[in-house]
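Notes for the one structure printed next.
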Amino acid sequence: QVQLVESGGGLVQAGGSLRLSCAASGRTFSNYGMGWFRQTPGKEREFVSSITWTGVNTYYADSVAGRFSISRDDAKNTLYLQMNSLKVEDTAVYYCAARLYGGGSRIINGYTDWGQGTQVTVSS
């Protein structure tokens, strides 16, 4: 099991930027495919972005493509999500997730380990 801790959330105005981080510990981070999901009250958790364990392939939800960028630094055991041109509808709790040798799944069941989440609030 890998432990995941998200950080970097906060309050930002629409059009602004934030960078989320997900620090991993407990296992060899470079062997894990990683994903970002988000959830708002009363709604299901939804896919945002993912990266394969090799780091070669990345995937994005249509709603964030071109604005968000996922990356990983295996030397620092950290996953990132750079969020630009933020919109009010991006407001949510953002979670990172991991799966050993994961291929960048877009579904919740594609991951075995989850962080506790970090709140992102975008104001108009």
Side-chain angles (χ1 to χ4, degrees):
Q1 185 176 3
V2 60
Q3 288 76 47
L4 305 171
V5 179
E6 301 94 335
S7 62
L11 174 64
V12 63
Q13 286 191 328
S17 298
L18 280 176
R19 187 176 79 158
L20 304 184
S21 298
C22 173
S25 62
R27 289 290 186 269
T28 304
F29 176 70
S30 60
N31 290 340
Y32 281 80
M34 302 296 296
W36 286 101
F37 289 75
R38 66 187 182 187
Q39 189 171 21
T40 55
K43 293 188 177 181
E44 292 186 356
R45 194 168 297 188
E46 66 174 6
F47 170 78
V48 175
S49 182
S50 62
I51 185 167
T52 56
W53 72 277
T54 61
V56 172
N57 297 108
T58 59
Y59 305 94
Y60 298 93
D62 290 345
S63 58
V64 307
R67 299 188 297 121
F68 291 12
S69 178
I70 190 171
S71 62
R72 62 189 300 155
D73 186 337
D74 290 346
K76 295 183 177 180
N77 295 337
T78 303
L79 176 74
Y80 301 101
L81 184 68
Q82 178 67 44
M83 306 187 296
N84 299 327
S85 302
L86 281 162
K87 303 177 180 180
V88 172
E89 51 264 42
D90 293 320
T91 295
V93 177
Y94 283 71
Y95 298 89
C96 68
R99 183 183 183 93
L100 186 64
Y101 299 121
S105 174
R106 293 171 177 259
I107 64 173
I108 293 173
N109 288 343
Y111 297 88
T112 55
D113 302 288
W114 293 82
Q116 293 302 305
T118 185
Q119 176 71 47
V120 172
T121 303
V122 184
S123 64
S124 60

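- Hydrophobic clustering keeps Val93 apart from Met83 (ILVMFWY residues linked when any side-chain heavy atoms are closer than 4.5 Å, directly or through intermediates).
- The backbone N or O of Cys96 lies less than 3.5 Å from a partner atom in the side chain of Glu6, making a donor-acceptor pair.
- Considering Tyr95, Phe37, Phe47, Trp36 in turn, Phe37 is the only one that fulfils the ring pair (Phe, Tyr, Trp, His ring centres under 6.0 Å) rule with Tyr111.
- Looking at every heavy atom in both residues, Ser17 comes nearest to Asn84 through OG-OD1, 2.9 Å.
- One distance of note links OG1 of Thr54 with CG of Asp74; it measures 9.5 Å at 0.5 Å rounding.
- Taken to the nearest 0.5 Å, the CD atom of Gln116 stands 13.5 Å off from the OG atom of Ser7.
- Looking only at side-chain heavy atoms (C-beta outward), Trp114 and Leu4 stay at 4.5 Å or farther from each other.
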**Request:** I would like to know whether Arg38 and Leu81 meet side-chain contact (heavy atoms from CB on, under 4.5 Å); could you show each step before the answer?
**Result:** CA-CA 12 Å; Arg38 66 187 182 187; Leu81 184 68; over 6 Å; no
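- Salt bridge status for Arg27 with Asp113: absent, with no side-chain N to carboxylate O gap under 4.0 Å.
- A distance-only check finds no donor-acceptor pair linking the side chain of Tyr80 to the backbone of Ser69 [under 3.5 Å].
- Gly104 approaches Ser50 most closely through the heavy-atom pair O-OG, 2.8 Å.
- Here the closest heavy-atom approach between residue Gly9 and residue Leu20 is recorded as N-CD2, 3.6 Å.
- Side chain of Thr112 to backbone of Ala98: a donor-acceptor contact under 3.5 angstrom is found.
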**Asked** Phe68 and Asp90: side-chain contact (heavy atoms from CB on, under 4.5 Å), yes or no, with the steps?
**Response** CA-CA 11 Å; Phe68 291 12; Asp90 293 320; 3.9 Å; yes
**Request:** For Gln119 and Thr91, run side-chain contact (heavy atoms from CB on, under 4.5 Å): C-alpha distance rounded to whole Å, both residues' side-chain angles, the deciding distance at 0.1 Å, then the answer.
**Result:** CA-CA 8 Å; Gln119 176 71 47; Thr91 295; 4.0 Å; yes
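- Ile108 and Leu79 fall into different hydrophobic clusters, defined by Ile, Leu, Val, Met, Phe, Trp and Tyr side-chain heavy atoms under 4.5 Å apart, directly or through other members.
- Looking at heavy atoms from C-beta onward, Phe29 lies in side-chain contact with Met34 at the 4.5 angstrom threshold.
- Distance alone, capped at 3.5 Å, places no donor-acceptor pair between the Arg106 side chain and the Val48 backbone.
- A donor-acceptor pair is defined here as one N or O able to donate and one able to accept, closer than 3.5 Å; such a pair exists between the side chain of Arg72 and the backbone of Thr52.
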**Message:** As a quick check of understanding, evaluate side-chain contact (heavy atoms from CB on, under 4.5 Å) for Leu100 and Trp53, giving each step before the final call.
**Reply:** CA-CA 8 Å; Leu100 186 64; Trp53 72 277; over 6 Å; no
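- Side chain of Thr121 to backbone of Leu11: no donor-acceptor contact under 3.5 angstrom is found.
- Under the 4.5 Å side-chain heavy-atom criterion for ILVMFWY residues, a single connected hydrophobic cluster contains both Tyr32 and Tyr101.
- The main-chain N or O of Ala92 is never found under 3.5 Å from a side-chain atom of Gln39 such that the two would form a donor-acceptor pair.
- Counting only distance, with no hydrogens or angles, the side chain of Arg99 and the backbone of Gly35 share no donor-acceptor pair below 3.5 Å.
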